[in-house]
J.: 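For reference, the structure I am asking about is given below.
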Amino acid sequence: MTKKKLIRMVVVCFVFLTCFGFTVLTAKDSKVVEDLPALKDAYADHFHIGASIAPYQLMGPHSDLLKKHYNMIVAENIMKPEGIQPVEGEFKFDQADAMIEFAKEHDMDVRFHTLVWHSQTPDWFFQDAEGKPMVVDGEVADPDNYETNRQLLLDRMETHIREVVSRYAHDIDSWDVVNEAIEGYGYRQSDYYIMTDTDYIHEAFRITADELEKQGATGKLYYNDYETQNIQKRDLIYEMAKEMIDAGIPIDGIGHQGHMSITHPPVPLLVDSIEKMASLGLDNQITELDMSIYISDTQASYGSYDNIPDGILETQAKRYQDLFKALREISDSVSSVVFWGIADDHTWLHDFPTQGRVNAPFVFDHEFQAKSGYYAITEHYEEKMLPATATNQYYYILLGSALLIAGTVYLFYLWKRQRRSY
Ligand code: GLA
């Protein structure tokens, strides 16, 4: 073989291998966000897919991702009592109104979080007529005026609930009526509980239902809490809900917050809890789903987002897969799954439990790209969804194969010609 021919063959082989490599790589990396099947479509037969949002996320890339993948929103903070009524009698609805408008415009459901909670509720709620705390060190501060103060607290709660519910009666699909009333081995010793026992819980549900009825609206009422898979806590929530049902107090479902890590809690325990609540005829929603990449509060930070090991994200993806598979199987009892954020750039976990510890709890990364977790919870649906990406892949594979055949034919032709010339 002449030197010239040898060079020509090497060049042809090089071009040929490059094309083939490009084909394989492009087929793998061609999934840009725009081409991906929407999470909400992938789960349309099962449950709503939601995200919690902050007001600034109604614009820009957050909003794009939100509109594409989610069909339910919940306010991360602004609908909490301190956001709506920071000063007694002064209601602030601007930001909540804007979120609800956004939801209407884009055909999304809305969860209201939350009417009653011991936290993120202004101090004035729990102060007597003179501005002194009704509860000090876990005790009723002024036993002589206990009845008056108890009633004052319940009246304030009622005013708050009626004002909010009458305004948004026709805009909200699911109401978190009470958040986190149970802790450890019993009812949380909050100011609400110390002043009213369980009356504040029962009254909150009654008042919300009553106001909805007055407005001719049909939103569903939820009790919401974390660690609902914990057997002790699960049973307490179950007993509370059962007592309410037996007493004719309206409740439609349980919100399981779903703050998780890559190891905790075991998915089957969450499934047990959902099934137990469902046995009372209650709906279930996962309301604040996120999955920390750390397995303890004290684990050292990975430092920066790019330093998070791929293996950790793969573990997370596998767990997301297990979780969503389990939820699909019991989706008759689950009406929505709401992430506590849209993408990894914005999450309370960057500062909790440790300030500045980078985290990556969602299925979209800090630059809004789909993570392995996204594929893990949608892969199952690829055939059904016929995603544009699949079309791209077929196109590239076809192109690669054509080049492969053309290259082989050309090589064969060169080899033949070379043999003839000897
Ligand atoms: C709880 C509350 C939420 C939120 C998270 C942390 O789960 O229900 O409103 O404050 O904590 O972000």
Side-chain angles (χ1 to χ4, degrees), residues 50-57 62 72-86 92 95-96 99 110-122 125 157 160-161 164 168 172 174-184 187-188 190-193 200-201 204-205 208 220-230 233-234 236-237 240 251 253-261 264-265 270 273 284-294 297 323 336-362:
S52 79
I53 54 170
Y56 82 94
Q57 295 175 315
H62 293 102
M72 183 176 232
I73 55 171
V74 61
E76 187 182 10
N77 282 304
I78 59 149
M79 294 188 192
K80 292 171 178 171
E82 70 177 10
I84 297 268
Q85 199 186 176
K92 294 203 179 316
Q95 291 186 317
M99 258 182 209
V110 186
R111 299 195 84 250
F112 186 95
H113 176 77
T114 173
L115 288 168
V116 176
W117 191 21
H118 66 279
S119 177
Q120 292 189 260
T121 298
F125 255 88
M157 187 186 80
H160 185 82
I161 293 177
V164 175
Y168 295 133
I172 302 292
S174 324
W175 296 88
D176 279 345
V177 180
V178 176
N179 193 33
E180 301 179 348
I182 288 171
E183 184 188 40
Y187 284 99
R188 180 186 293 277
S190 66
D191 289 6
Y192 266 124
Y193 183 77
Y200 81 98
I201 303 172
F205 277 87
T208 307
K220 300 266 185 275
L221 312 189
Y222 291 82
Y223 171 75
N224 192 51
D225 216 326
Y226 59 88
E227 291 279 310
T228 55
Q229 80 295 330
N230 172 296
K233 191 162 181 178
R234 175 197 74 190
L236 288 165
I237 295 172
M240 179 190 73
I251 176 168
I254 303 298
H256 305 255
Q257 290 185 4
H259 295 294
M260 306 185 169
S261 79
H264 174 85
L270 180 62
S273 179
N284 293 270
Q285 299 191 333
I286 308 297
T287 54
E288 305 183 16
L289 177 59
D290 47 24
M291 196 185 286
S292 173
I293 55 170
Y294 299 98
D297 287 0
L323 174 67
S336 53
V337 175
V338 179
F339 290 87
W340 201 240
I342 304 170
D344 285 346
D345 66 308
H346 178 114
T347 163
W348 70 304
L349 293 172
H350 288 322
D351 289 312
F352 181 89
T354 311
Q355 190 84 20
R357 186 171 75 165
V358 66
N359 216 316
F362 303 122

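Index from 1, following the sequence. Atoms within each ligand, like the ligands themselves, are counted from 1 in listed order.
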J.: Considering only heavy atoms, does Tyr226 approach ligand 1 within less than 4.0 Å through its side chain, its backbone, both, or neither?
T.: neither
J.: Within the 4.0 Å heavy-atom shell around Gln120, which atoms of ligand 1 are there?
T.: 10 (O)
J.: Does an N or O from Asn179, backbone or side chain, lie closer than 3.5 Å to an N or O of ligand 1?
T.: yes
J.: Under 30°, 30 to 60°, or over 60°: which ring-plane class applies to Phe112 and Trp175, parallel, tilted or perpendicular?
T.: tilted
J.: State, with a plain yes or no, whether a side-chain heavy atom of Met99 is found less than 4.5 Å away from one of Val110.
T.: no
J.: Compare all side-chain heavy atoms of Arg234 with those of Thr228 and state whether any distance is below 4.5 angstrom.
T.: no
J.: Is the shortest distance from a heavy atom of Trp340 to ligand 1 less than 4.0 Å?
T.: yes
J.: Between Phe352 and His259, is the ring centre distance below 6.0 Å?
T.: no
J.: Quick one: does ligand 1 sit under 4.0 Å from the side chain of Thr114, the backbone, both or neither, non-hydrogen atoms only?
T.: neither
J.: Mind checking whether Met79 and Val164 have side chains closer than 4.5 Å, heavy atoms only?
T.: no
J.: Do Leu270 and Leu323 touch side chain to side chain, with heavy atoms closer than 4.5 Å?
T.: yes
J.: Considering heavy atoms of the protein only, find what lies nearest to atom 11 (O) of ligand 1 and give residue, atom and distance to 0.1 Å.
T.: Glu288 OE1, 4.0 Å
J.: I need the nearest protein heavy-atom contact for atom 9 (O) of ligand 1: residue, atom name and distance, please.
T.: His113 NE2, 2.6 Å
J.: Number the atoms of ligand 1 from 1 as they appear, then name those within less than 4.0 Å of a heavy atom of Gln257, with their elements.
T.: 1 (C), 7 (O), 8 (O)
J.: Judged on heavy-atom distance to atom 4 (C) of ligand 1, which of Lys80, His259, Glu76 sits nearest?
T.: Lys80
J.: Hey, would you say the Tyr56 and His62 ring centroids sit under 6.0 Å apart?
T.: yes
